[in-house]
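First listed ligand is number 1; within each ligand, the first listed atom is number 1.
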Amino acid sequence: MNTFSIKAFGSQAPDAELKQMDIHRREVTSKDVEIDILYCGVCHSDLHTARNEWNNTVYPNVPGHEIVGRITKVGEEVTKFKLGDLVAVGCMVDSCRECESCQDGLEQYCEAGNTGTYNSPDKHLGLQTFGGYSERVVVDENYVLRVPENLDPAATAPLLCAGITTYSPLKHWNVKAGIKVGIVGIGGLGHMGVKLAKAMGAYVVVITTSIEKVEDAQRLGADKVILSTDKEQMKANAHSLNFILDCVSAQHDINAYLNLLKRDGQLTLVGAPENPLPVAPFSLIPSRKSFSGSMIGGIRETQEMLDFCGEHNITSDIEIIRIQDINQAYERLLKGDVKYRFVIDMDSLKN
Ligand code: NAP
Ligand code: ZN
Ligand code: ZN
């Protein structure tokens, strides 16, 4: 298979810094488009993967799955896109397309395992897939999204993971007017959860460990804020919420948050810390509560989310960085020192 070489940023070991390296992309095949990457968001999953916190990283690893760019080449059978289109790629670049989940448009739950944008077996080149911290990417058109024209491209990039990962469970659990929703962990995912739940009409409660986010939460659209480190506030708000979306990246006590749910309430976990989170039986049993998980969203739903954001003028609050500053950005991410998503201006890699 014909390939070409591009510049990328990635790492060679769990404790190694990310550095510039060369990687290969396939030349477009009949259904592929080639995308010149303009912006790439920095997800906490990039950091978990770069440092092998989920014990599944294959090195070299090039992270990045919040990609916005322009089409520079199309294969001869491509029908959905043309040269120059502003497009996006999220967390998946392929799946089996045949299993029940793929047939249902839920490719993220592909029974054969979806092909992640990075750190998945590459069906074309044999190695692992390489993500968006790179100059260009080649993707089958069926896994490419259209970016609404009214949205700022840099601030749209985080919608491709943080946006869809919060939109999908909010929709699945029927969040709407009259529902009281709690969002735990106001980072990249959480701040999108607040904006999206609000746009869906819900009453939105921010639950944060960071005192400096209390004021900001209202600006993001929250109706109420709970500082979770304050035991009195947590007690006063017990049994008050219908649904909680947990977006926390580190170890935390799930039981404290389950206690905020009303009878028949649901807590959905999207945050993915490396170790188990023990749930006490009596956090669930006495009020018939449920505890569930959710992973990103399917391709159809990702387009639906982008169009919803276009209609409601929703984008991420971002801080633009150069690729050369990625290692410092990871350290700041660990300290919760970002409002609320780093986005890499990929021009910094090209020049
Ligand atoms: P992020 O920007 O770093 O935000 C994480 C937030 O968690 C922090 O801002 C902080 O919010 C809160 N937090 C951190 N440490 C905490 C602790 N010890 N106790 C309680 N809260 C704490 O991360 P992100 O990019 O939004 O990602 C969040 C998690 O979701 C990561 O684990 C990521 O891998 C995962 N993820 C999952 C999916 C999926 O499909 N399920 C998709 C993407 C990402 P406060 O300051 O408000 O407390
Ligand atoms: Zn992500
Ligand atoms: Zn499948």
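- The residue from Cys43, Cys247, Pro273 that puts a heavy atom closest to atom 28 (C) of ligand 1 is Cys247.
- A salt bridge is absent between Lys339 and Glu212: the closest approach of a Lys/Arg side-chain nitrogen to an acidic carboxylate oxygen does not fall below 4.0 angstrom.
- Side-chain N or O atoms of Ser240 include one that pairs as donor or acceptor with a backbone N or O of Asn237 at under 3.5 Å.
- Applying side chain to side chain contact (heavy atoms under 4.5 Å, CB included) to Val206 and the options Val184, Ile186, Val181 leaves one that passes, Ile186.
- The pair Glu135-Arg25 does not meet the salt-bridge criterion, since no charged nitrogen lies less than 4.0 angstrom from a carboxylate oxygen.
- Of all the heavy atoms of Thr165, the ones lying under 4.0 Å from any atom of ligand 1 belong exclusively to the side chain.
- The shell of residues lying under 4.0 angstrom from ligand 1, judged by heavy atoms, excludes Gln108.
- Between Tyr340 and His191, the two ring planes are parallel [angle under 30°; tilted spans 30° to 60°].
- At under 3.5 Å, not a single nitrogen or oxygen of Tyr257, backbone or side chain, sits near a nitrogen or oxygen of ligand 1.
- For Thr156 (side chain) and Asp152 (main-chain N/O), a donor-acceptor pair under 3.5 Å exists by modelled atom type.
- A salt bridge links Asp94 with Lys123: the distance from a Lys NZ or Arg NE/NH1/NH2 to an Asp or Glu carboxylate oxygen falls below 4.0 Å.
- Side-chain atoms of Gln233 come within 3.5 Å of backbone atoms of Leu227 as a donor-acceptor pair (strictly under, hydrogens ignored).
- Checking only distances, His48 does come within under 3.5 Å of ligand 1, N or O to N or O.
- Residue Leu189 has at least one N or O atom closer than 3.5 Å to an N or O atom of ligand 1.
- Considering only non-hydrogen protein atoms, atom 44 (C) of ligand 1 sits nearest to Ser45 OG, 3.2 Å.
- The single protein non-hydrogen atom nearest to atom 2 (O) of ligand 1 is Gly188 N, 2.9 Å, given as residue, atom name and distance.
- The residues Glu34 and Arg136 are annotated as salt-bridged, a charged nitrogen and a carboxylate oxygen being separated by less than 4.0 angstrom.
- Between Val270 and ligand 1, a contact under 3.5 Å exists for at least one N or O pair.
- Residue Lys213 has at least one nitrogen or oxygen atom sitting less than 3.5 Å from a nitrogen or oxygen atom of ligand 1, judged on distance alone.
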> When you look at Phe4 and His24, which way does the ring pair (Phe, Tyr, Trp, His ring centres under 6.0 Å) test go after all the steps?
Replying inline: CA-CA 5 Å; Phe4 59 96; His24 282 87; 8.5 Å; no

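- Checking side-chain atoms of Lys19 against main-chain N and O of Phe9 turns up no donor-acceptor pair under 3.5 Å.
- In this structure, Ala272 is part of the shell of residues with a heavy atom less than 4.0 angstrom from ligand 1.
- In terms of protein heavy atoms, atom 48 (O) of ligand 1 is closest to Thr209 OG1, 2.6 Å.
- Comparing Gly185, Cys161, Ser168, Ser294 against atom 12 (C) of ligand 1, the shortest heavy-atom distance belongs to Gly185.
- Proximity of Trp54 to ligand 1, defined as any heavy-atom pair under 4.0 Å, is confined to the side chain (atoms from C-beta onward).
- For atom 3 (O) of ligand 1, the closest non-hydrogen atom on the protein side is His44 ND1, 2.7 Å.
- A donor-acceptor pair is defined here as one N or O able to donate and one able to accept, closer than 3.5 Å; such a pair exists between the side chain of Glu141 and the backbone of Thr79.
- In this structure, atom 15 (N) of ligand 1 lies nearest to the protein heavy atom Ala250 CB, 3.6 Å.
- Below the 2.8 Å limit, the Zn ion (ligand 3) has as protein N, O or S neighbours Cys96 SG, Cys99 SG, Cys102 SG, Cys110 SG.
- Pairs engaging residues 305-314 under the side chain to side chain donor-acceptor pair (under 3.5 Å) rule: Gln303-Asp307 [sequence neighbours left out].
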